[in-house]
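Remember, it's 1-based here, ligands and their atoms both numbered in the order they're listed. Note that the structure is predicted; figures quoted are calculated from it, not measured.
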Amino acid sequence: MLSTPKIGSAALVKGIAVSPGIAIGPVYLYAKVAFDVEKRIIETAALNNELTRFEDAVRRAERDLNKIISITREKLGEHSATIFEAQLLMLRDHALYPEVVSFIEKNCVNAGFAVVTVMGMHRRKMEAADSEYLRERANDLLDIQDRLIRHLRRGRILSAVDENSIVVSENLTAADIILFSRKGILGCVTDFGGPTSHVSIMARALHVPAIVSTHGVTSEVKSGDLIVLDGIRGEVIINPDEETLAHYVNKRERYSRLVQEDKAIVPLPAETLDGHHVGLQANLELREELVQLAEYGAEGIGLYRTEMALLMEGRTLVTEAEQFSQYVEVVQAALPGTTTFRILDLGGDKMLPMGNREHNPFLGWRGIRIMLDKLDLLMPQLRAMLRASAFGPVRILLPMVSSIREVRTFRSIMNQTMEDLKNEGIDFDPHVPMGVMVEVPSVALAADQFARETDFFSIGTNDLTQYVLAVDRGNDLVAHLYDELHPAVLQLIQMTTKAAKAAGISVSLCGELATNMRAIPVLLGLGVDTFSASPIYLPGMKRVIRAMRLSEGQALAKRALIASDPEEFRAVMDKWLEEHACGVSFFLDGKQTT
Ligand code: PEP
Ligand code: MG
């Protein structure tokens, strides 16, 4: 477990903050009942009865899910309900339902045993998959399995969760969180799960503070323990002493004030005090997140990562028609803003569809390199994106570009695809801009050349930092060396913006650095004209923009470029923030680790 042992006299457990907020309250340890389903042999004469029991349980589960779907639609909108609609379909899935029936018939066993055996087999396959998406779908299957078993036992679906408690559990499903939120829980903490899991997305959408991936919080607490859930830093403080408690009560108040103030800031323009407009767009990857565009005031989508959407069905080749319908939905939700679709960025830390393993994946077959080699992956996606451009403004973004040849090859494929669509009489926008991610140093260094042959730049500081500093972005051992504000990174950003200005193309920044409040003045000073980030951070970013003059940013940028002591300069930036936009500096002790 990644834990710092103490804060005051209290134990501290770290995890990943996936839904911001501070909650203070008693633990409700939600132990999923581990159903012990024993095998029973059923007499042939009683088999029909057993099949009826199974069918009854499926019907009851359908009833539950329909209820959850209608609550979700009402609270979160149609998009979010799709998770449960998928679960509803899984109940009668041709690979599951008939398999359970035939297992009961062939082996003359009880329905519960058949459900656990058949579903367990499918689940284990999913859990062992390379794809994070599939591993998370295994949770959906477990949820369905539990639901069926409870109904076979005629048990209650939801244990009596206490109001005003913080639910602590090994894992939660999206359905759990929907039902818990109705019970007025204060927050959730889990042992497992990742930021893109449905639980995390639901928690954010429902504004329930949440921390996942604590690797063992459930063994550190018992029901009734007082805990603090810091959903900004990703920390759980167990049985805090008085001083610590007072600190967090204060932090909770500051946070809720900030949230109120943020609401007022959403409709205001992202403009500096000297009238310089800054674009603020959203990074998204799931349709369920589309509701956040309006909620947090995004002016379109600056980065739509397609990896999740494309691996949605657990298959690698989602058809052109399926992609097209997803993309149209996204484009329409972003109107009147533009949608920037990024071509599939497989490889690196994201799985490879062909199951290849590489010794050095971040320097290997990744992003555009794969797509230009695998036209069977590229063509349906490109056609779907171009076709979606008939429904609203679309831009296409290429990941992991390192050489101008890749841009030229892609451009000629795109031109040919447009020609094909025209000949087929299919509508699209013939002026769809094509841009490159500036995330490999060669692109920043030769930005002049790239700027002449592309329509926009999007700086991916997550990768740019790892490539320029030779520090793996996901390796804890070298995390202290991963510095997005290193002068070398800033110099590459400046080279990019200069080349973009000279060529008259736009330049946005879509890496996590955009959400680092202390960096915003410097980045604007370096000439970035648009930021794209998780929607939840946009109001805070706007607050900083509205508190500064562009000239101040330019002066800070000059100093940052030559800062010989990054720590010292960090203090300069923090001081500026404290003096100009102090509400926001609240986040500095949070996720701002750079
Ligand atoms: C980046 O590299 O900064 C980026 C935005 O892309 P990703 O995090 O998907 O690699
Ligand atoms: Mg990247």
Between [X] and [Y], does at least one N-O distance fall below 4.0 Å, as a salt bridge requires?
X	Y	value
E358	R366	no
D262	R543	yes
E578	K575	no

Per-residue contact class, [X] against ligand 1 - non-hydrogen pairs under 4.0 Å:
X	result
E307	neither
R342	side chain
L464	neither

Relative to the heavy atoms of [X], which atoms of ligand 1 are at a distance of less than 4.0 Å?
X	result
T461	3 (O)
G511	3 (O)
M437	4 (C), 5 (C), 6 (O)
G460	1 (C), 2 (O), 3 (O)
R366	10 (O)

* Whether D345 has an N, O or S atom under 2.8 Å from the Mg ion (ligand 2) ->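 Not a single backbone or side-chain N, O or S atom of D345 is under 2.8 Å from the Mg ion (ligand 2).
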Verify whether one side chain among [X] and [Y] offers a donor that lies under 3.5 Å from an acceptor in the other.
X	Y	result
Y304	E289	no
Y327	Q323	yes
T306	Q381	yes

* To do: Could you pull out the atom name of the N/O/S atom in E439 that is nearest the Mg ion (ligand 2)?
  => OE1
* D463: which N/O/S atom is nearest the Mg ion (ligand 2)? ->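 It is OD2 of D463.
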* ring pair (Phe, Tyr, Trp, His ring centres under 6.0 Å) involving F450 - partner list, sequence neighbours excluded ->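 Here no residue qualifies.
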* Decide yes or no for T454 and V401: does some side-chain heavy atom of the first lie under 4.5 Å from some side-chain heavy atom of the second? => no
* Asked: With respect to atom 5 (C) of ligand 1, which of E439, R305, E512, E285 exhibits the smallest heavy-atom separation?
  -> R305
* To do: Check for a donor-acceptor pair, side chain of S458 on one end and backbone N or O of M437 on the other, with a separation under 3.5 Å.
  =>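 Looks like no, no N/O pair under 3.5 Å.
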* Asked: Looking only at heavy atoms of R473, does any of them come nearer than 4.0 Å to an atom of ligand 1?
  ->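 It does; at least one heavy atom falls under 4.0 Å.
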